[in-house]
Amino acid sequence: MGRIIPDFLCYNTNVNLADLLKKSLDSSLLDLIHRVADESSAFGFPIYLVGGSVRDLMLARPIVDLDLTLEGDAIKLARALVKKYGGDLTIHEKFFTATWTPQSSNSPILDLISARRETYASPGALPTVTKSTLDDDLRRRDFTINAMAIRVDGDYFGELYDPLHGQNDIEKKSIRVLHPKSFVDDPTRIFRAVRYAERYGFTVEPETLKLVNDESRKVLSDLSGERLRHEFDLIFDEPNPSAMLKQLSELDVFQSIHDQLQVMRYELPPLEEPLSGFGEFAVPDMLSFRQSLGWTLYLINLSEADIETLAERLAFPALLTKAVISASTLKKVLPSFKEWKPSQWTFHLDDLPSLSVYAVYLVSKETALSDYLSKWQHVKPLTTGDDLKARGLEPGPRFGEILRQLRAARLDGEVRNEEDESRLLASLANN
Ligand code: CTP
């Protein structure tokens with residue numbers, strides 16, 4: 001099969017989207033784009049809004065990242081902007097890109113990218129990047145809907161560059177790769193196709209779908225754990241991860257990662273943020289709360305052995321592995337705790353990550369778990385170690401035991417006020 005989009009159809013549309021830009025972006029953002037564009041023009045670098053920004057603009061969705069690609073040296077431009085307007089700069093020499101954080105706190109972070117060509121030394125390898133033209137830059141991309149640019153400098157402001165007919169595919173609600181080897185070059189694009197399809201209510205077009213085949217699945221199965229895990233992380237950031245996981249499983253892409261992923265149920269409960277009274281949740285540095293919760297709920301029905309194999313394959317941070325295993329174990333033993341007193345629940349749950357307790361609460365709606373998170377975990381006796389010392393008790397294991405019994409009595413409602421606690425303390429201290 002040759003190019004999916006024949007070359008002879010690649011023409012410029014002569015569409016100008018200046019009005020759409022003016023209508024969709026707030027004035028401070030437009031002003032920022034103009035400032036960057038003027039600076040770029042002064043160097044003679046044509047500059048464009050590209051990729052996701054153009055796609056989301058056409059779909060009338062909020063523009064989260066502002067990606068600006070220029071035919072020229074992005075690092076030189078970024079340095080000039082910092083010199084003129086201040087702000088912070090991060091430079092990635094190897095990729096000819098720079099990230100500029102302007103000084104004003106409500107200003108977005110700008111990714112400034114030198115137009116580039118990408119080649120893959122072998123299937124699934126990270127691409128080799130060389131500076132090039134806008135046309136090459138659009139042709140290196142994943143899908144037609146992500147391969148459009150709007151020029152923003154000078155008199156060209158608003159001009160659409162759409163050589164691969166992305167606008168047409170937006171209208172047809174279609175996800176289409178640019179060439180038949182796209183998923184072999186980079187099989188994470190299979191995940192991306194499903195993400196976009198579900199997010200926008202689009203369909204992966206049939207020729208593209210056929211490219212999810214044994215060849216691309218094989219390259220996918222050889223990807224590093226970090227790259228694979230990151231694709232799931234992004235799915236958990238989406239409003240409806242369950243539908244995406246289901247579609248990926250139907251495409252048979254999980255089999256090569258772990259057979260249990262392929263047979264699992266997908267209906268995750270909504271990834272709700274916990275109430276503020278539920279206390280602090282420790283999550284790994286590299287993951288958000290939502291991603292950590294998504295993983296925990298996704299794998300909650302697996303055995304400890306399966307979780308460990310998957311965690312190793314997908315390079316889980318240790319904290320996440322622990323949270324998932326704790327949640328899976330807690331869910332299994334939950335029915336045997338039904339008659340437990342609050343103190344028994346509390347002493348058991350105190351040893352588990354709060355994330356695990358919360359995840360099991362979401363799937364079981366067991367009120368003891370929400371009581372633990374909102375109240376019980378915070379219950380402490382009034383008596384302290386210093387009070388025990390003042391009573392002439394020697395510090396040691398007995399100390400801990402007395403404090404534990406005082407806490408249990410509070411949790412179970414046997415001690416309700418200071419007097420109750422003093423009475424119990426006196427009897428415990430005398431024993
Ligand atoms: N891209 C690609 N192949 C990939 C990853 C990215 O071609 N494996 C290109 C796409 O053109 C994409 C652009 O790089 O539009 C930026 O990537 P990214 O920030 O991941 O995507 P967004 O388009 O911003 O989409 P999202 O809203 O999902 O972040």
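As the structure lists them, so they are numbered: ligands from 1, and atoms in each ligand from 1. The model shown is predicted, which means the values in this text are computed figures rather than measured ones.
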Basic-acidic side-chain contact under 4.0 Å: E207, K210: yes
Check ion pair D185-K181 (N to O, under 4.0 angstrom): no
Ionic contact status for K76 with E39, cut-off 4.0 Å: no
salt_bridge(D350, R407) N-O dist < 4.0 Å: yes
Numbered atoms and elements of ligand 1 in range of G52, under 4.0 angstrom, heavy atoms: 15 (O), 23 (O)
is_close_aromatic(F254, F232), centroid dist under 6.0 Å: yes
Protein heavy atom at shortest distance from atom 25 (O) of ligand 1: Y196 OH, 3.1 Å
Distance from atom 10 (C) of ligand 1 to nearest protein heavy atom, with residue and atom: D142 OD1, 3.3 Å
Side-chain H-bond candidate by donor/acceptor type, S28 with D31, under 3.5 Å: no
Shortest reach to atom 4 (C) of ligand 1 by a heavy atom, considering only R192, R199, R139, R141: R192
Identity and separation of the nearest protein heavy atom to atom 16 (C) of ligand 1: D67 OD2, 4.4 Å
Protein contact to atom 23 (O) of ligand 1 [nearest heavy atom, distance to 0.1 Å]: R55 NH1, 3.0 Å
Electrostatic pair R140-D136, nearest N-O below 4.0 angstrom: no
Sub-4.0 Å heavy-atom approach of F143 to ligand 1: no
R35 NZ/CZ over Y85 ring centroid, <6.0 Å and within 45° of normal: yes
Distance filter under 4.0 Å to R195 heavy atoms, resulting ligand 1 atoms: 28 (O)
Mode of T188 contact toward ligand 1 - side chain, backbone, both, neither (heavy atoms, under 4.0 Å): side chain
Heavy atom of the protein closest to atom 29 (O) of ligand 1 (residue, atom name, distance): D65 OD2, 4.5 Å
Check ion pair K23-D19 (N to O, under 4.0 angstrom): no
Atom 19 (O) of ligand 1 within contact range, any protein heavy atom under 4.0 Å: no
Shortest protein contact, atom 3 (N) of ligand 1 (heavy atom only): R189 NE, 3.2 Å
Residue portion contacting ligand 1 (non-hydrogen atoms closer than 4.0 Å) for D186: side chain
